[in-house]
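Sharing a structure below in structure tokens format, with a few things to ask.
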Amino acid sequence: MGTEGRIYLYPKWLRAWHGLNALGIIVLIFTGINMQYASPDFQLMRFDLAIRFHNIAGVLVAVSYLLFFIGNLVSSNGTFYQIKLKGLRNRLFLQIRYYAYGMFKKEECPFPVSEKRKFNPLQKYSYIAVMYVFVPLVIISGIALLFPELIITEVYGVSGVFLTALLHASVGFLISIFLIVHVYVASVGKSPFKNYRSIITGWHE
Amino acid sequence: MRTYYRNIVTAFLLFTGFSSTAEDQNQCLKCHGNHIYSIHNEWTERTEKRLMNPYFVIDSVRMSAGVHQSFSCTDCHSTDYGTYPHNGELKLEPMAGCLDCHGGDEKYASYQFEKIEEEFGKSVHAQACGDAFTCSKCHDQHYYQVTARNSESVTGIVRYSNEMCLSCHDNMQKYQLLSEGQKPELVEAHSWLPNKNLHFEHVRCIECHTEVVDSLMISHNIMPKENAVKRCVECHTADSRLKASLYKYQNLQSRSENGMMGNILSNESYVIGAYRNPLLNWGSILIFCVVLLGVSVHIIFRIIKK
């Protein structure tokens, strides 16, 4: 669906999921940092409140992930996440080269957005890694930490809760790094705010 | 008084030896080790079975695992208990306290009984109940085991310690032995605590309810409830209060040195905010800085090449 060079890329359900997910992830990172680096001298918010908000935001992200997962199964949006290994290295190189060099030389984007190609290769594979590996891992480990009785008590003499928490915090950290890059890369384009507008209106200009 | 009791015990052990001790114990446990005992009633000239007062039943298996396992009952109780029916007045005999034997004894110097007594004197237990609050109210002399110094299981130490508190604070009959009031509703009183059950299973009551004393293995100064620790970050931080209390024991520390993660806090439980691995900490800061630097350099190039 396109009118006057505009493409309707983000349907309502996807934007609703994206909004919920963004809100949840931001709360999770803020409260997570507050918990991991808690100290009597450094507190962005009260520890027990951080725990409560972290739990609520975690449930919100888990529920919104279901929306994303089912939405991708039943709608055509899932096709944007299909892995094609053939020529992948070359496609990734072309996109990295563009971000690191080509865009400063005013070269054309090697993978322009179209109705059939919503993401460039770097976007696509980082989204696949985040949405189909990191987020499920952080949700599963988060649910386990919310109900610690589900966790294996001990693995080779080390607490199962500890290993789960270590995985949860590490993957959470990687997601927060992804968020920084994601938010920044979204500003790359004809105008810095174009993509931010798109994810709200649904229309890619 | 203390020297008197210690001398009696020492003399007894020296002159009678262990075998007679075990024999004496068995003699008492014939009746007190069971819920039903038999006596020969000389008035009726019959052997009769009777129910033992449940408060006077001794669990011989647990006693044999306790620190006083080799003692004869009459080391602490009157030798007059050797006759049956026991003289009623014996119930009023003053019992030996822990310090009557352990006080000033070099063998037990590392336990610092005098210091414990001094700290206990400041506690809310001593303030509210005075001399009526004896050591045995928490440390049952029949079954007591040294757990915190010996056990390698943190949860085992926690359970053993908390059971001492709960033996009164979750038992109205025992609570009212010392108090006229109603025992506090523990679940209600701790309703503010997130993940209450996890806390109950993984930390001791005394972690929050005592004043930590570095020179003592276990602080005995139980504070009034108003002074209990309520700030989460006192434990949930790198310099956790738990390191000065639950996790300060050598037996746990030495084990943690061999542990996979080199940190006792990680071996049996995970304390949010208290576990800081330097490698992961610096690694994450480095990744974060590299990403910020990359983004900044990219922004600068975008501005220059606009």
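Residue numbers start from 1 in every chain, and the chains themselves are labelled A, B, ... in the order their sequence lines are given, proteins ahead of strands. This is a predicted model, so every value here is computed, not measured.
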Under 4.5 Å to a heavy atom of chain B? For A/Pro148 that would be side chain
Under a 4.5 Å heavy-atom cut-off, does chain A meet the side chain of B/Val291, its backbone, both or neither?
side chain
Looking at every heavy atom in both B/Val233 and A/Ala38, which two are closest together, and how far apart are they?
CG1-CB, 3.8 Å
So A/Ile51 and B/Ile272, do their side chains get closer than 4.5 Å, heavy atoms only?
yes
Looking at B/Lys225, I want to see if its NZ is surrounded by more than 12 non-hydrogen atoms of other residues, nucleotides or ligands under 6.0 Å.
no
Residue by residue, scan residues 128-143 of chain A and write down, ordered by number, those that have a heavy-atom distance under 4.5 Å to chain B; if none do, write 'none'.
none
Can you tell me if B/Trp192 has over 12 outside heavy atoms packed within less than 6.0 Å of its CH2?
yes
Testing the basics here: between B/Phe288 and A/Ile177, what is the closest heavy-atom pair and its distance to 0.1 Å?
CA-CD1, 3.9 Å
A/Tyr184 and B/Ile299: side-chain contact (heavy atoms from CB on, under 4.5 Å), yes or no, with the steps?
CA-CA 9 Å; A/Tyr184 173 67; B/Ile299 291 172; 3.3 Å; yes
Residues in residues 99-109 of chain A near chain B [non-hydrogen atoms, under 4.5 Å]
A/Tyr99, A/Met103, A/Phe104, A/Lys106
Take the angle between the ring planes of B/Tyr270 and A/Phe162 and call it parallel below 30°, perpendicular above 60°, tilted in between.
tilted
Mark yes when over 12 heavy atoms from residues, nucleotides or ligands other than A/Glu149 sit less than 6.0 Å from its CD; otherwise mark no.
yes
Indicate the atoms forming the closest heavy-atom contact of B/Cys232 with A/Phe47, along with that distance.
CB-CD2, 3.4 Å
A/Phe178 atom CZ, over 12 foreign heavy atoms within 6.0 Å:
yes
Contacting moiety of A/Thr164, where chain B heavy atoms sit under 4.5 Å:
neither
For side-chain contact (heavy atoms from CB on, under 4.5 Å), just list the numbers for B/Arg302 and A/Val188, CA-CA rounded to whole Å, side-chain angles, deciding distance to a tenth of an Å, and then say yes or no.
CA-CA 9 Å; B/Arg302 280 171 72 187; A/Val188 174; 3.6 Å; yes
Could you look at A/Gln43 and say if it's the side chain, the backbone, both or neither that has a heavy atom under 4.5 Å from chain B?
side chain
Rounded distance (nearest 0.5 Å) linking atom CZ of B/Arg231 with atom CG of A/Asp48
11.5 Å
Please report the interatomic distance CG(B/Asp239) to OG(A/Ser39), rounded to the nearest 0.5 Å.
9.0 Å
Top contributor to chain A interface from B/Leu193, B/Ile287, B/Leu292 [non-hydrogen pairs under 4.5 Å]:
B/Ile287
Working for side-chain contact (heavy atoms from CB on, under 4.5 Å), residues A/Leu166 and B/Leu280:
CA-CA 10 Å; A/Leu166 197 63; B/Leu280 290 177; 3.5 Å; yes
May I ask you to name which of B/Asn281, B/Asn195, B/Ile304, B/Val297 has the most heavy-atom pairs under 4.5 Å with chain A?
B/Asn281
